[in-house]
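Let me begin by handing over the structure; questions about it come next.
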There are 2 protein chains.
Amino acid sequence: MITIKDIAKQAGVTYGTVSRALNDEPGVSEKTRAKIRAIAEQMNYVPNLAAKRMVDRSANCIGIIWPKFEGLFFYRLSERIQQEASGRGYRIMLSVAEPEDALASFQEHFIDKVIHWVYAEETASFAAAKQSFHGTILEVGYRPNGHTFCLEIDRKGAVCKAVRHLAELGHRRIAFLGARTDKLVGYTQGLVDFDLEYSPDDIVITKPSDPRMEHKIAAFLDKTHPDRATALIVDSQGLMFEFAKMANAANVRIPDQLSLVCYDDVPELHSMLPVPITTVGPNVDALARRLMDTITEQDGRESDRFEQIVESVLTVRQSTQAPSPP
Amino acid sequence: MITIKDIAKQAGVTYGTVSRALNDEPGVSEKTRAKIRAIAEQMNYVPNLAAKRMVDRSANCIGIIWPKFEGLFFYRLSERIQQEASGRGYRIMLSVAEPEDALASFQEHFIDKVIHWVYAEETASFAAAKQSFHGTILEVGYRPNGHTFCLEIDRKGAVCKAVRHLAELGHRRIAFLGARTDKLVGYTQGLVDFDLEYSPDDIVITKPSDPRMEHKIAAFLDKTHPDRATALIVDSQGLMFEFAKMANAANVRIPDQLSLVCYDDVPELHSMLPVPITTVGPNVDALARRLMDTITEQDGRESDRFEQIVESVLTVRQSTQAPSPP
DNA sequence: CTGTTAGCGCATTCAT
DNA sequence: ATGAATGCGCTAACAG
């Protein structure tokens, strides 16, 4: 292993100077700094994080706990976060382990900033792990009770925005396909806000792990106008996969027979139907930037409490249009 | 932060003794050991991993460099690798950074075992980074020149197997959609081996980043029997997304009008068409196990050279059937 | 501007 | 069985 001492010897200075030079500390002539940088590069110097971490607490590394059930969207988000982080001189480490194990892993590797995508109330074991974790955990997405540092995503508002968009196009009966979450709340609120019709048939509660999912989707698709709603909001990309397959098979034309909005904007979505899909959800680029801003600046926050809301954007594409006349 | 020195003071011994006691080293009376343990517990002592790591530098951790362009398949593979690793007491860290940066990250964190998914000849900068990396890199997939520790995936053989399957079903004209890689070589070899017809129209060279991709796929789909082949092999899940969309739009029925085989078996694939898709490619579970076996046992290998081939499996599903009579 | 040095928390000698 | 001392690689404070 090569250390700053090796570099010092090579450069003909002491290793204190090397440390200053490499860390952009003042008090080194630009000439020596450049020389030292060159030598470090040439010798392929890699700083020893453990040693750094012993002295000052910052590791310039952010750990990310990969959530289950968010496959594609999270992959895209990770890519963007990585780019953001690189630009700011941070490294990123991902873990696909169980959240509590991931936290332990990060702990072992001196990573003291963690981004945790939350989609439900936390388990007892994770709460315990969090307790003994020595660092900052930024919780993103859902806002469980008792968190003091989190970035909530306004899923409710997002779906409400989708309802509004459809209502403005002239739809009177808008259906919802998804699980019983905030998104559903946003849907029902939208119905009320925009004074829309409501039929129990228009709410299809299911998710990809539900054994009766196919049955439920089929039941929805089997109906025809005017029994079926003229527009549908699907609450996740995972469900959208399933729905698109069945809609294709059933020859339901989008958007002629059914306008469609999907939560979460992932590129793969638009390959599933003949037309690109209108989406709502946080903008991936903006979210990545926001995440990095928040977690890198948390040191300076006065209060021990930090809660912000991330707004969603509606991206109108060809899967939504005014309802066709009967 | 509480250290072994605090415990030592409390216990009335020196901190060397505390270290021995807490690490189950011999040379401590059971009585003092018990006492020290009790005090440590009571004081809520948490060992400082950075300091530990400074003296003995082993991490029991495997780093994985996330390849570009392998989105879904690699996500599935990672999940399986994680499970395998957990069972063996290893940790997993993923990096989505540029390969050379990822390597530096791992170095910083004392991760000395790395799995690198290779899909092409390596860049000069990565070769340099590899040079100075202090640890083992297992290269998987493609086998570039000069690698000494790698697990090659028999992509050529896989596609050849696909051709064979289609030939045995009775297809005489089989097309290929994909990039100019080993997979294409496997295809042409299959044509020769099984004495099939060959038409230049049956080879569509493209990939998702190709601006003319849509045009090329459309040209293929626009033809009808007997101008079009009766079966098609798609070389990647990414392309399959695009193809499925266009096939659906063009109302090409699978498998009635066209039998279809796709390389790489990812669950999402089967939501894209009305029928589940026949696939070839390495079995994810087996591959994960093989990877872990190889990388955890590499310490004991005598030779400095290790090369093995991973076979692929064909999973027949409903997207392939005998060609319909004209 | 650069050299020198203390010390971060710990495992590991070598003494006792 | 235990104490004392050394050093891992590095930053920061102080000295020159």
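Atom set for the values below is all heavy atoms of this structure, side chains included, hydrogens, waters and symmetry mates excluded. Note on naming: letters A, B, ... go to the chains in the order of the sequence lines (proteins, then strands), and numbering restarts at 1 for each one. Because the structure is a prediction, the values reported are computed rather than measured.
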Worksheet item: Atom CZ of A:Phe110 to atom C1' of C:dG9: distance rounded to whole Å?
Response: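 Computing the A:Phe110:CZ to C:dG9:C1' distance gives 12 Å.
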Worksheet entry | Phosphate-side-chain proximity, B:Asn23 and C:dA11, N/O vs OP1/OP2 below 4.0 Å |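 Affirmative; the distance criterion is met.
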Worksheet item: In residues 36-47 of chain B, which ones come under 4.0 Å of DNA chain D, going by heavy atoms?
Response: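 DNA chain D contact set from residues 36-47 of chain B: none.
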Discussion item. I'd like to know if A:Arg53 reaches the base of C:dG9 with its side chain, counting only an N/O donor and acceptor under 3.5 Å.
Written reply: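 Answer no: no donor N or O sits under 3.5 Å from an acceptor.
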Worksheet item: When you measure from the side chain of B:Tyr15, which nucleotide among C:dT4, D:dG9, D:dA5 comes out closest?
Response: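 For B:Tyr15, the side-chain atoms sit closest to D:dA5.
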Practice prompt. Answer with yes or no whether A:Arg33 presents, from its side chain, a donor or acceptor under 3.5 Å of a partner atom in the base of C:dT2.
Written response: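 Absent.
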Fill in: Approximate separation, where rounding is to 0.5 Å, of B:Asn44 CG and B:Ile39 CD1
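If we round to the nearest 0.5 Å, B:Asn44:CG and B:Ile39:CD1 are 14.0 Å apart.
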Item to complete: Enter the distance from B:Thr136:OG1 to B:Phe306:CZ here, rounded to the nearest 0.5 Å.
Response: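 Spacing of OG1 (B:Thr136) from CZ (B:Phe306) equals 12.0 Å.
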Worksheet item: Sequence neighbours excluded, which residues qualify as side chain to side chain contact (heavy atoms under 4.5 Å, CB included) partners of A:Ile2?
Response: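 In terms of side chain to side chain contact (heavy atoms under 4.5 Å, CB included), with neighbours along the sequence ignored, A:Ile2 is linked to A:Asp6, A:Ile7, A:Met43, A:Tyr45.
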Item to complete: Using whole Å, report how far NZ of B:Lys5 lies from C1' of C:dG9.
Response: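 Going from NZ in B:Lys5 over to C1' in C:dG9 covers 7 Å.
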Worksheet item: Side chain of B:Thr14: nearest nucleotide among C:dA11, C:dT2, D:dA4?
Response: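 Looking only at side-chain atoms, B:Thr14 lies closest to D:dA4.
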Discussion item. From C-beta outward on A:Thr17, which listed nucleotide comes closest to its side chain: D:dT11, C:dC10, C:dT2?
Written reply: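 My answer, after comparing the listed nucleotides, is C:dT2.
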Worksheet item: Which word best sums up how the rings of B:Phe73 and B:Trp117 line up, parallel for under 30°, tilted for 30 to 60°, or perpendicular for over 60°?
Response: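 Tilted, since the angle between the ring planes falls between 30° and 60°.
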Practice prompt. Answer yes when A:Glu84 and A:Arg88 have at least one side-chain N-carboxylate O distance shorter than 4.0 Å, and no when they do not.
Written response: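 Result for this pair is yes, salt bridge flagged.
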Worksheet entry | Closest listed nucleotide, where the reference is the side chain of A:Thr32 and the choices are C:dA11, C:dT2, D:dT11 |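 Closest of the options to the side chain of A:Thr32: C:dT2.
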Item to complete: Please tell me which of the listed nucleotides, D:dA4, C:dC8, C:dC10, lies nearest to the side chain of B:Arg20?
Response: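 Nearest nucleotide to the side chain: D:dA4.
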Worksheet item: Between B:Glu108 and A:Arg91, is there a salt bridge with N-O shorter than 4.0 Å?
Response: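 Between B:Glu108 and A:Arg91 there is a salt bridge, with a charged N closer than 4.0 Å to a carboxylate O.
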Discussion item. Taking the ring of B:His116 and the ring of B:Phe126, is the distance between their centroids below 6.0 Å?
Written reply: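 Yes, the ring of B:Phe126 comes within the 6.0 Å limit of the ring of B:His116, centre to centre.
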Item to complete: When you get a sec, tell me which of C:dG9, D:dA12, C:dT12 is the closest nucleotide to the side chain of A:Glu25?
Response: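 Side chain of A:Glu25 sits closest to D:dA12.
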